[in-house]
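All remarks here apply to the structure that follows.
Protein chains get the first letters and strands the later ones, always in sequence-line order, with residue 1 at the start of each. Here the structure is a predicted model, which means the values were calculated and not measured.
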Amino acid sequence: MAAVSTIIDELTWRGLIAQSTDLDALRAATSAGPLTLYCGFDPTAPSLHLGNLVQILTVRRFQQHGHRPLALVGGATGLIGDPRMNSERVLNPTDVVEQWVGRIRQQLDRFYDFEGPNGAVAVNNLEWTQGMGVLEFLRDVGKHFAVGTMLKREAVAARLAAEGISYTEFSYQLLQGYDYVQLFRRFGCSLQTGGTDQWGNIVAGVDLVRRMEGTAVHALTTPLMVKADGTKFGKTESGTVWLDPTLTSPYAFSQFLINTDDRDVATMLRTFSFRPREEIDALLAAAADRPQAREAQRALASELTALVHGEAERDAAEAAGRALFGQGDLGDLPAATLAAALTEASHVVVPAADVVGGQLPPYDDLLVRTGLSKSLSDARRTVGEGGAYANNVRIEDSASRASIGDLHHGEWLVLRRGKKAFAGVRVERP
RNA sequence: GGCAGGUUGCCCGAGUGGCCAAUGGGAGCGGACUGUAAAUCCGUCGGCUUAGCCUUCGAAGGUUCGAAUCCUUCACCUGCCA
């Protein structure tokens, strides 16, 4: 390998290049000097999620190689909706979309450097879209699009074959294509990145820039993350893994990564980690050698949790994990550690009034209160299956109760469902 | 617009009057085995004041001692014809 590794070489060995317009031309362009690139995020939720992080960090890598990113949040495109394979989207109210734009814009702060000569620039496609008239749009932009080509796009074709598609969503591609034109004009942007699902939209933009500006610009997509077990990446049964700490706690975020399947950890590290290649190779060798140590998973979780939530939150999440999964007796943990771990995991407060005669409410009730069980029936079932534990001792009878004397440090009861779901019950003293 | 078929639990899909809270598979959950992994096996998988009761089979009515199952209307989906 050459002494100076280019961004394209780096992305290649990380397996982050799925499709591109002209890779040699792009390699030449990136080597020639700093270029401006963009990857847009539509405000379809109040937060970005782990899946988006693939794109975000790819852009971050470009910035680390001296290129300038445009942090585009789709205030306009988010109002229209990119066609999905399965069904028409429900339009979100404009004020909600506007609020989400702000939140997502803020989240990007963490990953891009907005200072310096190649500092990122925040943009919102509403800027050039909202003032545009229908006739102007149809004449200047619409004229360059062939419906035949648009119909071939995977999501559009799938929708036509099934339930159909509204004109609104069908038009989405024109908006995203026009974004590229605007960013080219305003910032000289010459590269757009995204997931493979965005290839159609991105190429539409490349075409439009060529038609309207007479310049060949670049496109690059990252591969779809596929997990070994076939399930969707970045999702758990309880839903999406969000970057917002109020939607997915740093503890949950960290645990999600620690639980990465052995078969997926190599891809995960290459995709997300900023460690040098030698370190990643060493971690993977360790994982192959001593899988039970879960070194690669821990390193992945540690690095990403710190990146997304900060080092303090990362440390707290790791301490919580060590406390809850440690072999020792929970009672031996210092009160502060236990309290922090349970607060991080999730906990519920039992008011003093609910403690009668030194007895807590029955276990089935507490399992529901902590959210470990979704109903009383569910709680009883779990206890019946032998899957519920209080202070690491199996609960035999769902109607039985813990007493004040059983509490750790006089106030904590640790409930557990199965192996991984913990919740703290903090009992108020009168 | 006409004709035919369909709409069942998280998903797929059995079930044509009582034995149906509803076969089976998948997902999920729990246990065993492990490494907070995977695979495998076993169990479980609407709710509750749980030997019982309540609410579910597109929606609303109706027939019946009794309906997911029969009838009527409505909504939506699929196919064929215009």
Side-chain angles (χ1 to χ4, degrees), chain A residues 85-88 90 158-165 226-233 235-241 248-269 283-302 304-305 314 317-328 330 341-342 344-346 361-365 367-390 392-401 414-423:
Chain A
M85 303 289 269
N86 43 10
S87 62
E88 184 84 12
V90 176
R159 288 279 296 282
L160 284 173
E163 68 162 21
I165 181 169
V226 181
K227 290 206 297 179
D229 63 6
T231 58
K232 223 170 173 178
F233 170 73
K235 300 262 181 187
T236 64
E237 258 322 292
S238 47
T240 305
V241 178
T248 298
S249 75
Y251 171 78
F253 184 87
S254 163
Q255 284 295 312
F256 175 83
L257 293 167
I258 285 180
N259 282 317
T260 299
D261 192 318
D262 288 355
R263 294 169 297 179
D264 295 323
V265 77
T267 309
M268 294 285 280
L269 274 173
L283 281 169
L284 295 180
D289 206 32
R290 303 178 298 280
Q292 64 276 20
R294 311 179 67 72
E295 266 177 71
Q297 280 93 336
R298 284 178 211 283
L300 173 72
S302 178
L304 269 194
T305 307
R314 185 268 312 272
E318 288 183 352
R322 274 195 302 273
L324 296 174
F325 288 100
Q327 299 304 313
L330 286 167
L342 293 171
E344 191 68 27
S346 88
Y363 286 123
D364 51 9
D365 182 16
L367 284 165
V368 174
R369 288 199 207 192
T370 53
L372 289 176
S373 297
K374 64 180 168 63
S375 67
L376 277 178
S377 298
D378 187 39
R380 289 166 189 161
R381 200 177 292 133
T382 301
V383 172
E385 289 168 338
Y389 308 79
N392 282 346
V393 177
R394 180 171 284 175
I395 299 170
E396 301 294 341
D397 177 4
S398 62
S400 63
R401 300 156 184 269
V414 181
L415 287 182
R416 174 158 64 90
R417 174 183 177 144
K419 278 173 219 159
K420 297 183 219 168
F422 291 92

With heavy atoms under 4.0 Å as the rule, sort A:R381 into base, sugar-phosphate or nothing.
->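 Since only primed, P, OP1 and OP2 atoms lie under 4.0 Å of A:R381, the category is sugar-phosphate.
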With rounding to the closest Å, how many angstrom separate the [atom1] atoms on [N] and [M]?
N: B:A39; M: B:G26; atom1: P; result: 13 Å
N: B:G5; M: B:C11; atom1: C1'; result: 23 Å
N: B:C45; M: B:G24; atom1: P; result: 12 Å
N: B:A60; M: B:G13; atom1: P; result: 24 Å
N: B:U72; M: B:C77; atom1: P; result: 22 Å
N: B:A21; M: B:G52; atom1: P; result: 12 Å
N: B:G30; M: B:A14; atom1: C1'; result: 27 Å
N: B:G66; M: B:C54; atom1: P; result: 15 Å

Test your reading of the model: is there a side-chain donor-acceptor pair from [X] to the backbone of [Y], 3.5 Å cut-off?
X: A:D289; Y: A:A285; answer: no
X: A:E295; Y: A:L283; answer: no
X: A:R314; Y: A:S254; answer: no
X: A:R380; Y: A:D364; answer: no
X: A:R298; Y: A:L300; answer: no

Could you tell me whether the side chain of A:D378 reaches within less than 4.5 Å of the side chain of A:T382, counting heavy atoms only?
->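 Yes, at least one pair of side-chain atoms sits under 4.5 Å.
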With both distances under 3.5 angstrom, what nucleotide forms a Watson-Crick or G-U wobble pair with [N]?
N: B:G5; answer: B:C77
N: B:G18; answer: B:C65
N: B:A39; answer: none
N: B:A27; answer: none
N: B:C33; answer: none
N: B:C48; answer: B:G52
N: B:U72; answer: B:A60

hbond_proxy A:S377 side chain to B:U50 base (donor-acceptor, 3.5 Å cutoff) |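 Result: at least one qualifying N/O pair found.
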Under-4.0 Å side-chain N/O to phosphate OP1/OP2 contact, A:R394 with B:G31 =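 Negative; the distance criterion is not met.
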Between A:Y251 and B:U36, is there a side-chain N or O to OP1/OP2 distance below 4.0 Å?
->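 Answer no for this pair, as no side-chain N or O of A:Y251 is under 4.0 Å from OP1 or OP2.
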Which nucleotide sits closest to the side chain of [X]: [options]?
X: A:Y389; options: B:G31, B:U49, B:U36; result: B:G31
X: A:E385; options: B:G30, B:C48, B:G35; result: B:G30
X: A:R380; options: B:G47, B:U50, B:G35; result: B:U50
X: A:I258; options: B:U36, B:G35, B:C45; result: B:U36

Smallest separation among heavy atoms of A:T370 and A:L415, with atom names =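 The answer is CG2-CD1, 4.1 Å.
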Taking atom [atom2] of [N] as reference, at what distance in whole Å does atom [atom1] of [X] sit?
X: A:K419; N: B:C33; atom1: NZ; atom2: P; answer: 9 Å
X: A:K420; N: B:U34; atom1: NZ; atom2: P; answer: 17 Å
X: A:Y363; N: B:G30; atom1: OH; atom2: C1'; answer: 19 Å
X: A:R417; N: B:G28; atom1: CZ; atom2: P; answer: 13 Å
X: A:L367; N: B:G47; atom1: CG; atom2: C1'; answer: 17 Å
X: A:K374; N: B:U44; atom1: NZ; atom2: C1'; answer: 12 Å
X: A:D289; N: B:G35; atom1: CG; atom2: P; answer: 16 Å
X: A:E396; N: B:G31; atom1: CD; atom2: C1'; answer: 13 Å

For A:Q255 and A:T382, take the nucleotide of RNA chain B holding the closest heavy atom to each; which residue's nucleotide lies nearer the 5' end?
->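 Mapping each residue to its closest nucleotide by heavy atoms, the 5'-most match is A:T382.
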Along RNA chain B (nearest heavy atom to each residue), the more 5'-positioned of A:D262 and A:S375 |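 The answer here is A:D262.
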